[in-house]
2 protein chains.
Amino acid sequence: MGKFSSPTLIDIARVCDVNISTVSRALSDDSRVHPETKKRISQTAKRLGYRPNLAARMLRAKKSQFFWFIAPDLGNPVDSDLVEEAALAAADKDYDLLISLHLGKQKIFDRIITAMHSALASGVIVNRRDIEDLSALHGLVHQDFPVVLVDVPIDSMNLPTVTTDHAKAADALVQACIDAGAKSFLVLFNPSLNLVDKRRHDATLVALNARGIPFSTGARFSSGAPLADLPSPLCLIESHQTSIQDFLWNNPAVAEGRDILIGCFDQWIGSPAPAQRVLVAEQDCQGIARRTVDKLVSLIETGVSVNGASEIDLPLLRITSKI
Amino acid sequence: MGKFSSPTLIDIARVCDVNISTVSRALSDDSRVHPETKKRISQTAKRLGYRPNLAARMLRAKKSQFFWFIAPDLGNPVDSDLVEEAALAAADKDYDLLISLHLGKQKIFDRIITAMHSALASGVIVNRRDIEDLSALHGLVHQDFPVVLVDVPIDSMNLPTVTTDHAKAADALVQACIDAGAKSFLVLFNPSLNLVDKRRHDATLVALNARGIPFSTGARFSSGAPLADLPSPLCLIESHQTSIQDFLWNNPAVAEGRDILIGCFDQWIGSPAPAQRVLVAEQDCQGIARRTVDKLVSLIETGVSVNGASEIDLPLLRITSKI
DNA sequence: CTGTTAGCGCATTCAA
DNA sequence: TTGAATGCGCTAACAG
């Protein structure tokens with residue numbers, strides 16, 4: 001390291017010929033310090049380039065100005081939007097947001113969770129997508145560390161969670177596709193992928209059954225069942241654009257000689273082809289982020305309790321159509 | 001807060017009936033501790049759910065396992081790629097990456113920089129895009145805090161910077177467009193926007209003059225100069241897809257009755273229309289991130305010195321074509 | 001209004 | 001191989 005280092009309260013105290021605690025008080029704008037002294041101190045602080053040692057402050061206070069957001073990655077626009085919106089929402093509450101990426105790797109996830117500590121961050125927001133083993137979280141929860149899950153819920157643990165009401169959203173998407181002319185459906189959600197896809201899958205089947213619309217599923221299709229008896233236009237419904245395009249790429253016969261519609265979540269980039277039309281169910285990232293931060297703040301202020309665990313399900317932002 | 005809190009070394013020491021410093025040594029796998037004792041201690045630590053208090057550790061060590069990456073936002077794929085790749089590169093060096101977003105706001109930027117401290121992070125990577133006033137960085141630099149700039153350089157400060165060789169990249173993009181058939185150019189880079197665009201702009205003009213290709217510029221166009229004398233195909237060249245699409249939207253006459261080519265950086269989503277073809281110059285985010293982390297590590301290990309300031313310019317990853 | 005002091009949790013030096 | 005003691009920088013309780 002270089003020969004310079006950050007000045008401390010003591011350095012300022014020496015220069016101003018006052019006690020260290022007077023400096024501490026002056027810099028936190030304590031009303032008990034004489035205005036003159038305060039001015040002198042804050043000026044020297046600026047002149048010396050004083051910056052508080054947050055490690056020391058955190059050690060003492062056992063809390064910090066930080067929320068910690070653990071995200072999978074930033075490739076998906078929903079994931080990066082959630083992070084950005086959480087940063088804004090946190091700023092509104094005078095917190096700074098630290099972001100770490102687990103990149104879907106269990107090892108990194110565990111490492112970050114272990115580093116987590118009430119001294120370092122006042123609370124943590126976890127988007128656990130793709131992470132299977134969440135036992136590391138148990139330690140945090142057991143020590144009453146404020147944790148809020150976002151986007152992807154956990155079945156096995158009773159943690160506060162903010163997510164989209166996937167069941168209602170899937171129902172709305174089905175209805176929108178029907179309104180757009182769909183006469184039959186191919187349900188491509190993979191219920192064994194994660195809880196989000198499972199909920200979407202199940203709700204879609206319920207919606208179709210309730211409306212008496214003919215459909216098949218990805219599972220049935222891959223076990224050889226033909227789609228010939230499904231009337232056109234056929235609507236393919238799935239979570240992500242890429243999965244649908246992969247499917248159509250691998251099974252070009254599905255689209256041959258019939259009209260195709262697509263229903264998916266979050267985003268559709270580029271042309272709908274070979275479909276005539278794509279309906280996109282957009283989640284309310286800003287709303288989710290805000291509710292998440294609100295929940296975290298309330299956990300911190302009211303004292304944490306496992307009993308407070310609950311799931312907050314927000315409605316879709318909107319459904320858009322692309323032709 | 002709840003009634004549970006994180007156990008400390010003292011708690012473990014009490015349970016194991018040894019001194020706290022023995023526990024400390026045991027958990028850092030110090031060879032001087034008796035294997036039996038060590039085993040007993042590490043088991044109790046796990047049983048109690050011990051996690052080291054990083055604030056205390058940082059306070060004492062004046063350094064940490066963290067690098068801090070300050071990014072503008074995550075909307076641009078280059079920005080989020082840089083962050084992801086930096087996280088991976090840091091992990092390779094046994095560092096964790098903390099990410100903060102300044103969202104282009106001076107206030108947030110200054111706040112984060114002020115929070116920065118050798119006790120909290122061992123070094124910082126800054127993508128300053130859209131931030132004008134970088135005086136907050138001076139304090140860090142003056143205290144020999146390791147800082148590396150990424151992507152967007154600063155003219156006025158002599159800081160280590162890792163970026164693309166924008167001049168060479170612009171030259172290569174021009175050549176690729178010519179190879180694709182361009183007979184004239186409309187140079188839309190805005191040299192007053194930031195240093196990146198200025199470099200691309202200047203290098204493009206140099207490349208065109210050197211090759212004797214007719215061209216006009218965005219500045220000339222907006223001051224009323226007509227493009228009629230530019231032979232087809234005309235190539236529009238700019239940094240971002242959105243800027244080009246905005247331009248074409250506002251000036252539809254430019255594309256009327258002639259073939260259009262487009263040259264841009266980073267990414268083109270969707271159809272090239274009304275252009276016949278788009279050439280995309282892709283930056284080497286992984287390379288940039290790795291070099292940045294390498295630079296940071298060497299700054300930390302060798303001791304920081306302003307004299308070490310230098311700019312590392314990486315070549316493009318590739319130029320792709322979209323028809 | 002200001003000074004004195006203790007202690008947050010940890011790693012390390014010095015003693016044994 | 002283990003124990004005792006120190007100090008990192010800060011804030012707050014207590015004392016003037």
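Each chain gets a letter, A, B and so on, in the order the sequences are listed, and its residues count up from 1.
- Between the side chains of A/Asp30 and A/Ser28, no donor-acceptor pair of N or O atoms lies under 3.5 Å.
- Here the P atom of nucleotide C/dA6 and the CG atom of A/Leu59 are 17 Å apart, to the nearest Å.
- Taking atom NZ of residue B/Lys62 and atom C1' of nucleotide C/dC10, one finds them 14 Å apart after rounding to whole Å.
- The shortest heavy-atom contact between B/Gly123 and B/Leu296 is C-CD2, 4.0 Å.
- Using a distance-only test at 3.5 Å, with no hydrogens or angles considered, no donor-acceptor pair links the side chain of B/Thr163 to the main chain of B/Val152.
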Do nucleotides 10-16 of chain D as a string where each nucleotide becomes B, S or -: B if the base has a protein heavy atom under 4.0 Å, S if just the sugar-phosphate does, - if no protein is that close. BBBB---

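- The 5' end of DNA chain D is approached more closely, in terms of each residue's nearest nucleotide, by B/Thr37 than by the other of B/Thr37 and B/Ala61.
- Atom CG in B/Leu27 sits roughly 13 Å away from atom P in D/dT2 (whole-Å rounding).
- Rotation axes derived from the C1' atoms of the five outermost pairs at either end of the helix from C/dC1-D/dG16 to C/dA16-D/dT1 lie 40° apart, to the nearest 10°.
- Residues A/Ala289 and A/Leu82 approach most closely at CB-O, 3.9 Å, considering heavy atoms.
- Of the charged side-chain nitrogens involved, none lies within less than 4.0 Å of a carboxylate oxygen, so that A/Asp92 and A/Arg290 do not count as a salt-bridged pair.
- Looking only at atom types and distance, the side chain of B/Gln143 has a donor-acceptor partner in the side chain of A/Arg51 under 3.5 Å away.
- Here the nucleotide nearest the side chain of B/Thr22, chosen from D/dG3, C/dC1, D/dG9, is D/dG3.
- Side chains of A/Glu311 and A/Thr161: no donor on one and acceptor on the other come within 3.5 Å.
- As a whole-Å value, the separation of B/Asp30 CG from C/dT12 P is 9 Å.
- OP1 and OP2 of C/dC1 both lie 4.0 Å or more from every side-chain N or O belonging to A/Lys38.
- Between B/Leu299 and B/Pro160, some side-chain heavy-atom pair lies under the 4.5 Å cut-off.
- Classification of the B/Phe66-A/Trp68 ring pair by plane angle, with boundaries at 30° and 60°, yields perpendicular.
- Following rounding to the nearest Å, B/Asp11 (CG) and C/dC8 (C1') show an atom-to-atom distance of 13 Å.
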